[in-house]
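Structure record follows, encoded as structure tokens.
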2 protein chains.
Amino acid sequence: MSVTREKIMELGEDLIRTRGYNAFSYQDISSELGIKNAAVHYYFPSKESLGTSIVKTNMQRFEEMVENLQSRNFDEWSQLETFMKIYVKSNRELKLCIIGSLGPDLNTLNESIRSELKKMTERILQWLSCILKNGLEKGIFSFKGDPKDRALLIFSNMVAGLQLARILEKTDFKAIHQAILDDLKP
Amino acid sequence: MSVTREKIMELGEDLIRTRGYNAFSYQDISSELGIKNAAVHYYFPSKESLGTSIVKTNMQRFEEMVENLQSRNFDEWSQLETFMKIYVKSNRELKLCIIGSLGPDLNTLNESIRSELKKMTERILQWLSCILKNGLEKGIFSFKGDPKDRALLIFSNMVAGLQLARILEKTDFKAIHQAILDDLKP
DNA sequence: AAATATACTTACTAATAAGTAAATTCCAAA
DNA sequence: TTTGGAATTTACTTATTAGTAAGTATATTT
């Protein structure tokens with residue numbers, strides 16, 4: 001794998017998560033990396049190919065985290081906390097998550113990014129409801145209603161939590177983070 | 001008030017809520033309204049002036065709703081439901097709310113839009129926590145923790161609920177809507 | 001009737017966008 | 001030592017962007 005290619009993807013993801021998909025250009029990337037505009041097009045012929053790769057990589061990272069958690073036999077509470085730590089870190093770095101960044105731009109994105117984003121969102125919600133369901137059965141969690149609905153509520157708390165923290169200029173994510181966990185305590 | 005000016009603001013808001021701030025242009029507005037680009041600049045010299053006006057109008061509409069609810073002596077449950085209906089309607093119209101649309105673009109917006117957006121977000125959260133606090137004291141609602149934190153959770157559910165519904169291509173907002181209300185039932 | 005203000009259009013500018021074709025540099029294998 | 005491919009730059013195109021200066025038609029006021 002090319003180092004330049006990796007740097008482009010890393011910077012592209014940063015730009016999407018700080019400024020949004022439609023607010024960054026290949027120039028932003030090339031000037032920051034000290035290369036020319038055309039060099040970015042060499043690795044990613046179109047902006048949509050770059051966007052699609054970034055979302056795919058994000059999903060791979062999520063899958064790696066899931067596998068890691070399973071292999072270490074973490075209980076549901078720890079698994080949820082590990083997942084939530086990703087958002088705590090995002091907030092500290094003043095970044096949104098990729099889903100919360102690209103979601104509002106969805107109607108301006110091509111089918112390839114859209115479907116990857118949908119796939120990733122469905123996968124996260126599926127994983128989260130599974131954790132919640134198992135945790136509920138084991139008595140680790142306590143909540144009303146269907147685990148699927150609960151997963152949607154918790155996930156939307158995290159996605160918009162980052163956005164609202166940015167608007168409100170809150171550097172800590174504690175309020176939402178703690179409230180979600182308190183809600184789930186038996 | 002000029003009809004053209006109102007049409008520009010209405011269309012501008014629609015564009016922000018469907019495609020995002022950085023994805024719409026004065027051309028989009030002028031061609032749709034059958035006027036020239038410069039005519040839009042006549043009413044709103046800069047895009048930031050248009051954006052700021054749109055956010056201010058949104059906040060005015062919110063304040064009008066609040067006053068209306070208070071004058072009619074609605075109980076807390078009905079007040080919350082009325083507020084949530086705005087989001088149900090947004091979802092039906094395939095639009096995000098203005099806060100969820102502009103939040104991710106915040107770093108690309110000028111100070112004027114930013115501060116208006118912050119003011120509006122703070123005002124909504126303040127109102128919502130007040131409703132929750134009063135409803136809790138009257139026994140209309142039941143929830144754990146501070147009303148302020150609860151307001152943040154519920155509001156983030158609505159903001160990201162619209163975004164996730166768009167990504168997942170869900171035309172109904174029922175799951176989130178119902179789960180929020182069920183959670184608050186005594 | 002003359003002056004003024006409102007609501008635009010015409011006709012532009014300068015900057016930036018994504019994207020491309022062709023040339024070039026550089027390194028490794030044959 | 002030549003050949004070939006990978007990684008880039010050069011130099012460009014076409015389209016779109018926000019924004020502006022100057023002009024015009026229409027209505028309103030003086």
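Here is how names work: the chains are called A, B, and so on, in the same order as the sequence lines, proteins then strands, and each is numbered from 1. Below, each value reflects all heavy atoms present in this structure, side chains not excepted, and no hydrogens, waters or symmetry copies.
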Q.
Suppose the criterion is salt bridge (Lys or Arg N to Asp or Glu O under 4.0 Å): which pairs have a residue in residues 143-153 of chain A, not counting sequence neighbours?
A. A:Arg150-B:Asp183
Q: Sorted by first residue and then second, give each salt bridge (Lys or Arg N to Asp or Glu O under 4.0 Å) pair with at least one member in residues 129-143 of chain A; sequence neighbours left out.
A: A:Glu76-A:Lys138, A:Lys133-A:Glu137
**Q.** B/S/- contact track for nucleotides 8-20 of chain D, protein heavy atom under 4.0 Å
**A.** BBB------SSBB
Q. What is the distance, rounded to the nearest whole Å, between atom CD1 of B:Ile29 and atom P of C:dC8?
A. 14 Å
Q: May I have the distance from B:Lys7 (atom NZ) to C:dA7 (atom C1'), rounded to whole angstrom?
A: 14 Å
Which value, rounded to the nearest 0.5 Å, describes the distance between [X] atom [atom1] and [Y] atom [atom2]?
X: A:Glu48; Y: A:Arg114; atom1: CD; atom2: CZ; result: 11.5 Å
X: A:Leu15; Y: A:Glu10; atom1: CG; atom2: CD; result: 11.0 Å
X: B:Leu153; Y: A:Asn157; atom1: CG; atom2: CG; result: 4.5 Å

**Q.** Linked, directly or transitively: B:Leu94 and B:Leu96 (ILVMFWY side chains, under 4.5 Å)
**A.** no
Mind listing the side-chain donor-acceptor pairs of residues 169-179 of chain B below 3.5 Å, one per line with the distance, residues two or more places apart or on another chain?
| unit_1 | atom_1 | unit_2 | atom_2 | d |
| --- | --- | --- | --- | --- |
| B:Glu169 | OE1 | A:Lys118 | NZ | 2.6 |
| B:Asp172 | OD2 | B:Lys174 | N | 3.4 |
| B:Gln178 | NE2 | B:Asp182 | OD1 | 3.3 |

Q: Could you note down all residue pairs passing ring-ring contact (aromatic ring centres under 6.0 Å, His included) where residues 122-142 of chain B supplies at least one of them, sequence neighbours left out?
A: B:Phe62-B:Trp127, B:Trp77-B:Phe141, B:Phe83-B:Trp127
(Q) Report for the helix from C:dA1-D:dT30 to C:dA30-D:dT1: angle between first-end and last-end helix axes, five pairs each, rounded to 10 degrees. (A) 10°
